[in-house]
Amino acid sequence: NLSFDQTDVSAFGLGARANYYFGRPAFTQGWYLGPFVQYADVEVSRINTSRGTAEASASGLGAGLIGGYHWQWDTFNILLGGGLSVNNINNVEVRYGDGTREEIDTRTGGLVLEFTLGWAF
């Protein structure tokens with residue numbers, strides 16, 4: 001939970017990803033693909049708007065694919081890649097203090113960039 005000027009934000013996220021390495025044997029220098037899925041849930045309370053105080057909530061699923069090149073040494077590795085992500089944000093709801101509310105469903109997409117460092121010990 002975070003607080004900003006009387007505004008509380010609560011968020012939860014969960015994701016999973018797997019990498020497929022094309023080199024043989026695995027974990028040697030070469031190309032990789034990494035599909036992923038993710039879920040996020042956000043709630044915001046006490047938002048100051050032109051219509052007074054409001055509360056909002058949203059949740060959504062996302063999926064994508066990252067591809068790139070990896071370098072592997074005995075105790076160190078680097079992954080450098082990019083890809084695409086598609087998100088379906090649903091259950092977006094804004095509730096105003098006067099009792100009115102708005103609901104929005106949206107789909108978004110975008111580019112994903114990755115630079116990962118790893119150590120083995």
Side-chain angles (χ1 to χ4, degrees):
N1 283 352
L2 300 173
S3 288
F4 299 105
D5 188 35
Q6 301 296 321
T7 300
D8 293 328
V9 179
S10 176
F12 169 80
L14 181 65
R17 175 173 160 186
N19 283 347
Y20 176 80
Y21 297 93
F22 289 99
R24 293 288 180 251
F27 302 114
T28 58
Q29 183 168 311
W31 297 99
Y32 72 94
L33 280 179
F36 64 89
V37 295
Q38 54 197 11
Y39 171 80
D41 184 78
V42 178
E43 293 189 23
V44 181
S45 62
R46 294 193 303 249
I47 306 167
N48 293 322
T49 70
S50 60
R51 293 172 60 182
T53 302
E55 296 180 348
S57 62
S59 62
L61 292 171
L65 181 66
I66 295 176
Y69 200 81
H70 71 100
W71 294 265
Q72 185 77 38
W73 295 274
D74 289 338
T75 60
F76 182 73
N77 65 67
I78 296 174
L79 282 79
L80 180 62
L84 297 173
S85 174
V86 177
N87 303 295
N88 183 23
I89 304 169
N90 51 23
N91 301 324
V92 178
E93 181 180 55
V94 181
R95 298 170 299 281
Y96 296 97
D98 63 5
T100 61
R101 63 181 233 189
E102 296 177 42
E103 291 186 23
I104 304 166
D105 288 341
T106 184
R107 289 186 177 86
T108 63
L111 297 175
V112 178
L113 299 175
E114 173 178 57
F115 177 70
T116 305
L117 299 174
W119 286 270
F121 50 91

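Please read all numbers here as calculations on a predicted model, not as lab measurements.
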**Q** Step by step, work out the side-chain contact (heavy atoms from CB on, under 4.5 Å) result for Leu33 and Trp31.
**A** CA-CA 7 Å; Leu33 280 179; Trp31 297 99; over 6 Å; no
**Q** Mind checking what makes side-chain contact (heavy atoms from CB on, under 4.5 Å) contact with Val92, not counting sequence neighbours?
**A** Ala58, Ile89, Ile104
**Q** How close do Thr106 and Asn88 get, counting heavy atoms only, and between which atoms?
**A**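 Minimum heavy-atom separation between Thr106 and Asn88: O-OD1, 3.5 Å.
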**Q** First locate atom CD1 of Ile66, then atom CG of Leu79, and finally report the distance between them rounded to the nearest 0.5 Å.
**A** 9.5 Å
**Q** Would you compute the distance between atom CD of Gln72 and atom CD1 of Ile78 and round it to the nearest 0.5 angstrom?
**A**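 Nearest 0.5 Å value for the CD-CD1 distance: 10.5 Å.
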**Q** How far apart are the closest heavy atoms of Leu65 and Pro35, and which atoms are they?
**A** CD1-N, 3.6 Å
**Q** Are Leu14 and Leu61 co-members of a hydrophobic cluster defined by side-chain heavy atoms under 4.5 Å apart?
**A**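 Yes, because Leu61 and Leu14 connect within a single hydrophobic cluster, where side-chain heavy atoms sit under 4.5 Å apart.
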**Q** With salt bridge (charged side-chain N to carboxylate O under 4.0 Å, His left out) as the rule and sequence neighbours excluded, what pairs involving residues 59-86 come up?
**A** none
**Q** According to side-chain hydrogen bond (donor to acceptor under 3.5 Å, both in side chains), who are the partners of Gln38, at least two apart in sequence or on a separate chain?
**A**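 Result, side-chain hydrogen bond (donor to acceptor under 3.5 Å, both in side chains) vs Gln38: Asn87.
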**Q** Could you pull out all residues at least two apart from Leu84 that satisfy side-chain contact (heavy atoms from CB on, under 4.5 Å)?
**A**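 Counting only residues at least two positions away or on another chain, Leu84 forms a side-chain contact (heavy atoms from CB on, under 4.5 Å) with Leu111.
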**Q** List in chain and number order the residues that pass ring-ring contact (aromatic ring centres under 6.0 Å, His included) with Phe22, two or more places apart in sequence or in another chain; answer none if no residue qualifies.
**A**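 Here the qualifying residues are Tyr20.
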**Q** Any side chain to side chain donor-acceptor pair (under 3.5 Å) involving residues 110-121? Give me the pairs, sequence neighbours left out, ordered by first then second residue.
**A** Arg17-Glu114, Tyr32-Glu114, Glu114-Thr116
**Q** Applying side-chain hydrogen bond (donor to acceptor under 3.5 Å, both in side chains), can you list everything that pairs with Tyr39, at least two apart in sequence or on another chain?
**A** none
**Q** Looking at side-chain heavy atoms only, is the closest gap between Gln29 and Tyr69 below 4.5 Å?
**A** yes
**Q** Going by side-chain contact (heavy atoms from CB on, under 4.5 Å), name the residues that satisfy it together with Ser57, two or more places apart in sequence or in a different chain.
**A**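 So Ser57 forms a side-chain contact (heavy atoms from CB on, under 4.5 Å) with Glu43, Glu93, Arg95.
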